[in-house]
Amino acid sequence: MTPTLSGATRLYVIVGDPIAQVRSPAGVTAAFAARGHDGILAPVQVAPHDLPDFLSVAVRLKNLDGIVVTIPHKFACYQACASATERAHFLRTVNLMRRRADGAWHGDMVDGLGFVGAARAKGIDPRGMRAPLVGAGGAGSAIALALVEAGVSEIAVHDSAAERRDALIDQLNRLGRAPARLGSVDPAGFDFVANATPAGMKEGDPLPVDVTRLVPTAYCGCVITKPEVSPFIAAARKIGCITATGADMYRQHQGIMVDFLLGHDGDGN
């Protein structure tokens, strides 16, 4: 079904800085049309210092029904939500916001579901695996929680922002499930290697891990969507690793995103 635009079309935006790398506007808009919903998802680039002004305007736009959130706004947008899912509250971050009946925002964080779903689509079950995670930001924290809930035996978190890294490790350990500890760029001895940083989006970026220490039996996943095959994933494939890209991750959680934005996720808010 081809989407059509009119004054009655409901508006959704994806906000980030940068924004050119996102894949969701076309996919989500097409998914709306396939479900018979007259809506469109448009990209908007907003710098961090302008985000409060953007959100103050967004809440007053009467035909704006939802916001998809990407880097670097996921923690700040959580603060703008009047309500949120249990996992979003645990992580204190969101990548989805939908309009409540009272006009306020309800948030969720599904990055981790898409990341683990991409691995499972490649035949990889994280249960029992040892996982190093690079990046403890919004996406990284969601991936960490999803990996723990998927049954990894251990998770090692590395991030150059020590305070953010240590806070995530402490938070994961309070769950009393898989032990979380300090990680590094060395993936030796691990089974499930996760890059949740933007390293590789720009020419000349360093690789997120020391790929010379990877073994062919390791699974490697990445959140980057542009380039579709990041330098990290390209290097892992040369070694013989099973991999999933940010595009694979997106394909897994597009349906989850649309369900949430349309209020079909079973959450009454």
Side-chain angles (χ1 to χ4, degrees), residues 14 16 18-27 68 70-72 74 95 110-127 129-147 150 152 154-160 165 183-257:
I14 177 166
I19 201 66
Q21 79 283 358
V22 299
R23 303 173 62 92
S24 51
V68 179
T70 188
I71 56 172
K74 295 177 182 181
N95 73 327
V110 303
D111 279 345
L113 304 183
F115 196 90
V116 171
R120 287 178 170 147
K122 297 297 181 84
I124 302 298
D125 182 355
R127 184 170 301 278
M129 289 186 163
R130 300 180 67 233
L133 169 71
V134 183
S141 59
I143 290 166
L145 176 60
L147 287 172
V152 295
E154 176 188 7
I155 186 165
V157 181
H158 174 70
D159 194 296
S160 57
R165 174 202 66 204
S184 72
V185 297
D186 185 357
F190 290 97
D191 312 297
F192 190 112
V193 184
N195 173 46
T197 76
M201 286 178 60
K202 297 178 182 177
E203 188 77 26
D205 279 350
L207 293 174
V209 300
D210 181 357
V211 296
T212 66
R213 300 279 287 168
L214 286 172
V215 294
T217 55
Y219 168 81
C220 295
C222 187
V223 299
I224 292 174
T225 57
K226 190 174 183 180
E228 180 161 345
V229 179
S230 69
F232 163 56
I233 292 299
R237 288 178 177 177
K238 286 182 180 178
I239 293 166
C241 301
I242 296 174
T243 67
T245 66
D248 293 323
M249 170 183 166
Y250 169 73
R251 281 188 284 270
Q252 289 297 313
H253 77 210
Q254 178 179 284
I256 300 170
M257 292 168 59

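Because the structure is predicted, anything quoted here is derived from the model rather than measured.
- Of all the heavy atoms in Ala144 and Leu133, the pair that sits closest is CB-CD2, 3.7 Å.
- Gln252 pairs by the side chain to side chain donor-acceptor pair (under 3.5 Å) definition with nothing, not counting sequence neighbours.
- Nearest heavy-atom pair across Ile239 and Val211 is CD1-O, 3.2 Å.
- Of all non-hydrogen atoms in Cys222 and Phe115, the two that sit nearest each other are N-CE1, 3.8 Å.
- In this structure Arg23 satisfies the salt bridge (charged side-chain N to carboxylate O under 4.0 Å, His left out) test together with Glu228, sequence neighbours excluded.
- We find the CE-CD1 distance between Met249 and Ile143 to be 5.0 Å, quoted to the nearest 0.5 Å.
- Here the closest heavy-atom approach between residue Pro126 and residue Arg120 is recorded as CD-NE, 4.1 Å.
- Ile233 contributes atom CD1, which lies 7.0 Å from atom OG1 of Thr245 (distance to the nearest 0.5 angstrom).
- Residues passing the side-chain contact (heavy atoms from CB on, under 4.5 Å) test with Ala131, sequence neighbours excluded: Leu147, Val152, Phe192.
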List the atom pairs, with distances to 0.1 Å, where a side-chain N or O of residues 196-207 and a protein N or O form a donor-acceptor pair under 3.5 Å, not counting sequence neighbours.
from	atom 1	to	atom 2	distance (Å)
Thr197	OG1	Asn195	OD1	2.8
Thr197	OG1	Ala199	N	3.2
Asp205	OD2	Gly200	N	2.9
Asp205	OD2	Met201	N	3.4
Asp205	OD2	Lys202	N	3.0

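- Considering all non-hydrogen atoms of both residues, Ala234 and Val229 come closest at N-CG1, 3.8 Å.
- Residues forming a side-chain contact (heavy atoms from CB on, under 4.5 Å) with Val185 (at least two apart in sequence, or on another chain): His158.
- Residue pairs meeting the salt bridge (charged side-chain N to carboxylate O under 4.0 Å, His left out) criterion with at least one partner in residues 209-219, sequence neighbours excluded, are Asp186-Arg213.
- If you take CD1 on Ile19 and CD1 on Ile14, they are separated by 5.0 Å, rounding to the nearest 0.5 Å.
- Scored by the side chain to side chain donor-acceptor pair (under 3.5 Å) test, Tyr219 finds no partners at all (sequence neighbours excluded).
- Applying the side chain to side chain donor-acceptor pair (under 3.5 Å) criterion to Asp111, with sequence neighbours excluded, gives Lys74, Asn95.
- Taking both residues in full, the closest heavy atoms of Pro187 and Val193 are given as CB-CG2, 4.1 Å, listed atom of the first, atom of the second, then distance.
- Residues passing the side chain to side chain donor-acceptor pair (under 3.5 Å) test with Ser184, sequence neighbours excluded: none.
- With sequence neighbours left out, Phe232 forms a ring-ring contact (aromatic ring centres under 6.0 Å, His included) with no residue at all.
- Counting only residues at least two apart or on different chains, the salt bridge (charged side-chain N to carboxylate O under 4.0 Å, His left out) pairs with a member in residues 229-249 are Lys122-Asp248, Asp248-Arg251.
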